[in-house]
Amino acid sequence: MSPTSPARRLRLGLPRRVFSQVLLMQVTIAAGVAVLATGLFLAPLSKQLDQEAMRRALAIAQTTAQDPQIAEGVQRTAPAPDGPVQREAERIRHATHAEYIVVMDTRGVRWSHPTAAEIGHRVSTDPTQALAGNQVMGIDKGTLGRSARGKVPLYDAGHRIVGAVSVGIAYDSVRARLISAIPGLFAYAGGALAVGALAAWLISRRVQRQTRDLAFSDISALLAEREAMLHGIREGVVALDRDGRVRLLNDEARRLLGIGDEAVGRSPDEALGGGRTTDVLAGRVTGTDLLTVRGQRVLVANRMPTDDGGAVATLRDRTELEQLGRELDSTRGLIDALRAQDHEHANRMHTLLGLLELEMYDDAVEFVGEVVGDHRVTAEQVTEKIHDPLLAALLVGKATVAAERGVALWVSERTWLPDRLIDPRGLVTVVGNLVDNALDAVAGTLHARVEVELRTEGRTAVLRVRDTGPGIPENQRELVFTDGWSTKKPPAHGKRGIGLSLVRRLAERQGGSATVGTANGGGAEFAVVLPEALTEPLEEALTEATPAQALAGAEPVPAPAGAEEEAR
């Protein structure tokens with residue numbers, strides 16, 4: 001015979017569905033509780049019926065012993081089947097439905113008994129305690145079988161013990177009462193079981209709807225797959241309950257938000273503090289693909305409500321993409337500048353060729369010197385004031401781009417920055433974003449100019465970028481630092497509203513500030529203060545003279561020759 005198939009084995013065992021298993025377990029529990037409760041009720045009921053029968057027998061015995069005819073008959077007559085004691089005892093027995101009433105003297109000889117032949121014989125049970133003046137109750141076996149008995153002493157008129165009275169209640173009647181009570185108990189137990197089974201079925205149906213009629217193995221597999229998916233995907237997932245508290249975080253969400261398991265059970269405001277990221281997670285800001293900044297990371301957030309009143313938010317890291325987009329914008333600007341320079345270079349080559357053909361050699365040498373000198377002066381004027389190579393290179397490149405866009409990029413004579421920056425890349429990000437925004441603001445305007453001032457006060461770096469653009473209204477000066485807020489058209493690679501937010505985050509991370517006001521010429525002036533941005537100066541550096549700091553005013557950084565004409 002072939003072995004039993006797995007499906008067959010499952011049919012012979014427990015059901016697979018959660019609904020069926022829950023129903024079976026609840027019905028089993030209800031039946032077990034009903035049986036246990038019935039048994040626990042029957043056990044004391046039997047004892048209670050025994051006690052009741054014994055107390056009844058004792059009460060009948062006490063009543064019989066109080067009859068003066070019984071005591072007189074024991075003292076004055078002989079035991080006989082037709083004697084006064086037998087007649088009175090039988091009358092009381094029939095009236096009380098007792099099984100027997102036995103009156104005995106001090107020797108234990110019977111004076112009454114339901115069986116007349118037993119009169120005159122000694123009793124079958126020990127009467128010692130009753131003859132000693134004690135009342136006795138118990139279940140005992142005598143000549144008439146097992147019965148519940150009560151024995152009391154028999155007193156005469158002088159309160160002397162002259163015998164005892166023993167009364168018995170048939171034990172079969174007690175058992176019959178117990179058995180007659182069992183059907184009623186089972187009826188109640190059956191009713192309770194039926195109600196329990198109905199409640200179990202209703203609960204199981206609810207469980208069936210909530211679990212989509214899945215098996216426990218399916219639920220276990222889904223949980224395992226969920227854990228693997230949540231902790232394996234490269235998107236952050238944050239689940240919130242109906243009260244707005246965080247109930248789940250995957251590994252990527254912990255990394256992107258910079259929080260740990262302590263955030264579970266807390267609201268986004270408590271876990272993250274204030275900010276646009278918190279507003280998006282809490283649902284106070286709605287929309288799709290919302291840009292937020294968390295630390296130095298640019299995130300794209302989406303929030304979807306769930307059926308239970310909660311929500312699930314997903315977070316994507318857009319930092320590298322945003323950096324690539326900005327690099328792409330810079331590259332396009334450089335390409336445009338190189339294209340213009342290539343055109344200008346061709347013009348210069350044609351001019352040089354004409355001078356050589358005309359044998360104007362001295363003029364040709366002078367012309368080449370002027371062209372080379374212009375570029376050299378541009379770089380030298382920047383490096384004289386800014387000794388950090390990254391920032392100097394950035395401003396030289398921005399000057400070229402600005403010239404091609406018809407904008408004069410000035411470096412203030414008050415600028416002085418030694419090569420002691422702790423985080424030069426962070427300052428490059430700040431300067432680059434502010435200069436780019438200023439160039440965008442003034443491009444295409446008359447007498448467009450951008451001025452950069454970068455100086456130090458001890459270990460604090462102070463940056464100011466001024467432009468001659470339209471400026472920023474006072475009611476929008478805080479909004480410009482908000483994630484995703486911008487008045488400019490989004491570029492091809494994504495959305496705007498990130499640069500100024502990053503500037504403020506970088507400044508605040510170092511304990512500084514980023515603000516915007518109005519420049520002297522009416523345009524915008526951005527000011528960034530970065531405390532502890534420089535290392536401690538060397539002793540010999542403290543004695544060096546900085547004549548550039550003594551000069552006032554500003555002069556433009558010369559653009560490459562011919563750039564102005566090309567921009568026109």
Side-chain angles (χ1 to χ4, degrees), residues 44-182 184:
L45 178 62
S46 176
K47 186 176 180 180
Q48 181 181 356
L49 292 176
D50 289 347
Q51 291 289 336
E52 183 181 343
M54 289 187 292
R55 286 193 295 268
R56 181 184 170 207
L58 184 63
I60 295 173
Q62 291 171 342
T63 302
T64 303
Q66 295 296 324
D67 191 343
Q69 296 182 12
I70 300 294
E72 286 185 16
V74 171
Q75 289 178 312
R76 297 181 180 180
T77 62
D82 57 351
V85 175
Q86 170 70 359
R87 288 195 302 271
E88 186 65 17
E90 284 298 298
R91 184 186 67 78
I92 296 174
R93 183 177 72 84
H94 288 296
T96 58
H97 302 286
E99 183 181 19
Y100 65 84
I101 296 179
V102 175
V103 179
M104 67 192 79
D105 58 15
T106 55
R107 297 170 300 169
V109 177
R110 298 188 185 95
W111 286 68
S112 66
H113 196 278
T115 304
E118 297 292 335
I119 297 175
H121 298 282
R122 286 185 59 83
V123 294
S124 57
T125 57
D126 184 15
T128 304
Q129 291 188 12
L131 294 175
N134 299 320
Q135 296 183 354
V136 181
M137 290 190 307
I139 304 295
D140 206 351
K141 186 175 182 180
T143 57
L144 297 178
R146 191 174 180 81
S147 60
R149 299 187 176 188
K151 297 179 181 180
V152 298
L154 179 63
Y155 294 96
D156 63 4
H159 203 68
R160 294 189 301 270
I161 296 177
V162 295
V165 178
S166 176
V167 177
I169 303 297
Y171 195 74
D172 290 341
S173 63
V174 177
R175 184 178 300 169
R177 290 185 60 191
L178 177 63
I179 293 174
S180 64
I182 290 177

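Computed from a predicted structure; not experimentally measured.
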Heavy-atom pair with the smallest gap, counting every atom of A164 and A130: CB-CB, 3.9 Å
Qualifying side-chain hydrogen bond (donor to acceptor under 3.5 Å, both in side chains) pairs, either residue in residues 76-95, two or more places apart: E88-R91, E90-R93
Min side-chain heavy-atom separation Q69-P84 under 4.5 Å: no
Point-to-point distance, once rounded to the nearest 0.5 Å, from OG of S166 to CG of L58: 10.5 Å
Contacts under 3.5 angstrom, residues 154-161 side chains, donor-acceptor by atom type, not counting sequence neighbours:
| residue | atom | partner | partner atom | Å |
| --- | --- | --- | --- | --- |
| D156 | OD1 | G158 | N | 3.0 |
| D156 | OD1 | H159 | N | 3.0 |
| D156 | OD1 | R160 | N | 2.6 |
| D156 | OD2 | Q75 | NE2 | 3.2 |
| D156 | OD2 | R160 | NE | 3.4 |
| D156 | OD2 | R160 | NH2 | 3.0 |

R110 side chain vs R122 backbone, donor-acceptor pair below 3.5 Å: yes
Positive for side chain to side chain contact (heavy atoms under 4.5 Å, CB included) with R149, one of I169, V136, T125, V167: T125
Shortest non-hydrogen contact between W111 and D105, atoms and distance: NE1-OD2, 3.3 Å
Residue list, side chain to side chain donor-acceptor pair (under 3.5 Å) with D67, at least two apart or on another chain: none
Minimum heavy-atom distance between V74 and V162, given as atom pair plus value: CG1-O, 3.7 Å
T106: partners by side chain to side chain donor-acceptor pair (under 3.5 Å), with sequence neighbours left out: none
S112 side chain to V103 backbone, donor-acceptor under 3.5 Å: yes
All side chain to side chain donor-acceptor pair (under 3.5 Å) counterparts of Q62, not counting sequence neighbours: Q135
Side-chain heavy-atom pair T63, I92 within 4.5 angstrom cut-off: no
Nearest non-hydrogen partners of V123 and M104, listed with the distance: CG1-CE, 3.7 Å
R56 (side chain) donor-acceptor with A148 (main chain) under 3.5 angstrom: no
For E72, all residues meeting salt bridge (Lys or Arg N to Asp or Glu O under 4.0 Å), sequence neighbours excluded: none
Smallest separation among heavy atoms of A61 and G150, with atom names: CB-O, 3.6 Å
